[in-house]
Protein chains: 2
Amino acid sequence: MGSEELSKGERTWLAIEEAAYELFLGQGYSATSMRQIADRAGIALGGIYNHFKSKDEIFESIIINKHPYKKLLPGIMAAEGEDIEEFTRNAMRLIVEEMGDNPYYVNLMLIEIVEFKGKHGAKLLDELTPKVFPLFEKLVKTRKNFRVTNPALLLRAFFGLILSYFLTEMIIRDSVVSSLMPKNAAEAYMDIFLHGVLKEKDGKNV
Amino acid sequence: MGSEELSKGERTWLAIEEAAYELFLGQGYSATSMRQIADRAGIALGGIYNHFKSKDEIFESIIINKHPYKKLLPGIMAAEGEDIEEFTRNAMRLIVEEMGDNPYYVNLMLIEIVEFKGKHGAKLLDELTPKVFPLFEKLVKTRKNFRVTNPALLLRAFFGLILSYFLTEMIIRDSVVSSLMPKNAAEAYMDIFLHGVLKEKDGKNV
DNA sequence: CCTACCGATCGGTAGG
DNA sequence: CCTACCGATCGGTAGG
């Protein structure tokens, strides 16, 4: 898996980060102890502090290296250049594929919001916006068939759509409600974003 | 305020619940100690246990009494009976009014998802669905101008819309991005839900 | 409802 | 990288 190319120190570093990542996703930051992290990483408690100064530093490292946008952004940027409707559908498809089986990756964002009051989140957002904003600005400008002309609002709505899709997925997962959902829920969800829940009612279609 | 009608025990009970509520919203469940709750409630640590058996029981009480849906559901149900587009707009307006100044009420849901793995959430959902589902079922059936014919999907999308609106509100709150947002972001957000981001492109309108 | 306490566990460190 | 330890704090309880 390429881990043969890493030094022992690097492998231990990664093992600690991965162990902490899994534990944080599963039970939150404060509820996770350094001892749990050490156990899962396969080393003694004290060994962690050869690689990280504190528990907080582990979380910061995880936010930087494992934030969902790391996985999602490349897909979103790569989906550009085609038809707008297809861009959105492709982006959504890529995101669903990338997030894959479990929507629990978003827990990292939720932990950041609740337990850190968005401390790192605001910084991330201000770093990311200049990268993504132009894309949405261009979308709005180059195509005439947008109802939404404010690129910031479009970006927010798109991001909110992704977020709400995975959140509602998590919420209904263990519930009977999920059986009522259509198979292609992701596509249908995206369709609402693109066309809304209502047909045009001014008699100009259907 | 009506608190004169309450016994001393009831007032203490409420003070503990309210103190814990505020602390949980601000820093999460695990990061909040019973001593912090006692201090904020104005009693000694041991005094809490005259009213609650455990920390967990306090959280359960809060989930039942202070869950956002308690505030939101009446508004949503009351918004029924009018035109569908207006129903949605009215519901959104009521919700924004009710949630009011701070979107941090949703933190309760986030804590429940991350720190309790949706333990209470699934139960709540199964209780609530029978109440709300018929409303959306009726909406879909009685009006012809719906693109979305699956009531479960419509419910999920509506709930996701509300959730994502307040989440993105929290996220962008301390960021420069919020200055790029239109004043009536809530209405615009709702508008996307109703009509999508795209104009109909089959030439049948505008 | 408070005081005083329990054992357990916390994040972190020294010293090897 | 481990062993053994630090002071602090945790949730909870007994006894009044």
Side-chain angles (χ1 to χ4, degrees), chain A residues 3-63 108 111-112 114-117 119-120, chain B residues 3-63 108 111-112 114-117 119-120:
Chain A
S3 69
E4 309 86 23
E5 308 158 17
L6 300 173
S7 71
K8 192 175 183 201
E10 286 168 331
R11 265 183 279 127
T12 304
W13 193 96
L14 282 172
I16 295 167
E17 193 193 40
E18 180 63 25
Y21 180 50
E22 292 166 6
L23 288 163
F24 290 160
L25 286 196
Q27 53 193 23
Y29 176 81
S30 294
T32 299
S33 73
M34 292 298 266
R35 279 152 183 90
Q36 286 179 310
I37 296 171
D39 285 349
R40 184 175 273 248
I43 60 170
L45 168 66
I48 291 182
Y49 293 91
N50 297 314
H51 301 275
F52 296 90
K53 269 191 276 189
S54 65
K55 188 181 174 184
D56 210 283
E57 195 178 280
I58 299 179
F59 187 79
E60 270 181 46
S61 162
I62 287 174
I63 279 283
L108 198 62
I111 291 169
E112 220 280 307
V114 174
E115 302 197 63
F116 291 89
K117 301 180 186 179
K119 197 174 72 176
H120 321 86
Chain B
S3 68
E4 309 85 24
E5 310 159 18
L6 300 173
S7 71
K8 192 177 182 197
E10 287 168 331
R11 266 184 278 127
T12 305
W13 193 96
L14 283 172
I16 295 168
E17 192 193 41
E18 179 63 24
Y21 180 51
E22 293 166 5
L23 287 164
F24 290 160
L25 286 196
Q27 53 192 23
Y29 176 81
S30 294
T32 299
S33 74
M34 292 298 267
R35 279 150 183 92
Q36 285 179 311
I37 295 170
D39 286 349
R40 185 176 271 250
I43 61 169
L45 168 66
I48 291 182
Y49 294 91
N50 297 314
H51 299 89
F52 296 90
K53 269 190 275 188
S54 64
K55 188 181 174 184
D56 211 283
E57 194 178 283
I58 300 179
F59 188 80
E60 268 181 47
S61 162
I62 288 174
I63 279 283
L108 198 62
I111 292 168
E112 219 280 307
V114 174
E115 302 197 63
F116 291 90
K117 302 181 184 180
K119 194 175 74 177
H120 320 87

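Stem analysis of DNA chain C (at least three stacked-register Watson-Crick or G-U pairs, each with both distances under 3.5 Å) gives C:1-16 with D:1-16.
For DNA chain D, none of the residues of residues 16-28 of chain B falls under the heavy-atom distance limit of 4.0 Å. Contacts of residues 34-43 of chain A with DNA chain C (heavy atom under 4.0 Å): Met34(A), Arg35(A). Heavy-atom distances under 4.0 Å link DNA chain D to Gly46(B), Tyr49(B), Ser54(B), Lys55(B) of residues 46-58 of chain B, given in residue order.
To the nearest 0.5 Å, atom OG1 of residue Thr12(A) and atom CG of residue Asn50(A) are 9.0 Å apart. In this structure, OG on Ser33(A) lies 7.5 Å from CG on Asp39(A), to the nearest 0.5 angstrom. Taken to the nearest 0.5 Å, the CD1 atom of Ile37(A) stands 6.5 Å off from the NZ atom of Lys55(A). Note that CG of Leu6(A) and CG of Leu14(A) are 6.0 Å apart. Values are rounded to the nearest 0.5 Å.
Among the protein residues, Thr32(A) comes within range of the sugar-phosphate backbone only, with heavy atoms under 4.0 Å from sugar or phosphate atoms but none that close to a base.
The salt bridge (Lys or Arg N to Asp or Glu O under 4.0 Å) pairs that include a residue from residues 44-54 of chain A number zero, where partners must be two or more places apart or lie in different chains. Residue pairs meeting the ring-ring contact (aromatic ring centres under 6.0 Å, His included) criterion with at least one partner in residues 31-55 of chain A, sequence neighbours excluded, are Trp13(A)-Phe52(A).
Shortest non-hydrogen contact noted between Ser30(B) and Ser30(A) is CB-CB, 3.7 Å. Here the closest heavy-atom approach between residue Gly28(B) and residue Ile111(B) is recorded as CA-CD1, 3.8 Å.
Boundaries of the chain A contact region on DNA chain C are dC10(C) to dT13(C), first to last in 5' to 3' order (nucleotide atom under 4.0 Å from a heavy atom).
Evaluation of the side-chain contact (heavy atoms from CB on, under 4.5 Å) rule for Asp56(A) yields Tyr29(A), Ser54(A), Glu60(A), Phe116(A), Lys119(A) as partners, not counting sequence neighbours. With sequence neighbours excluded, the residues forming a side-chain hydrogen bond (donor to acceptor under 3.5 Å, both in side chains) with Glu112(A) are His120(A), listed by chain and number. Shown here are the side-chain hydrogen bond (donor to acceptor under 3.5 Å, both in side chains) partners of Glu57(B), two or more places apart in sequence or in another chain: there are none. Applying the side-chain hydrogen bond (donor to acceptor under 3.5 Å, both in side chains) rule to Ser61(A) yields the partners Glu17(A), Asn65(A); only residues at least two apart in sequence or on another chain are considered. The side-chain contact (heavy atoms from CB on, under 4.5 Å) check on Glu18(A) picks up Tyr21(A), Glu22(A), Lys66(A), with sequence neighbours excluded.
Ile58(A) is listed as a side-chain neighbour of Met34(A), based on a closest heavy-atom distance under 4.5 Å.
Within a 6.0 Å radius of NZ in Lys117(B), no more than 12 heavy atoms belonging to other residues, nucleotides or ligands are found.
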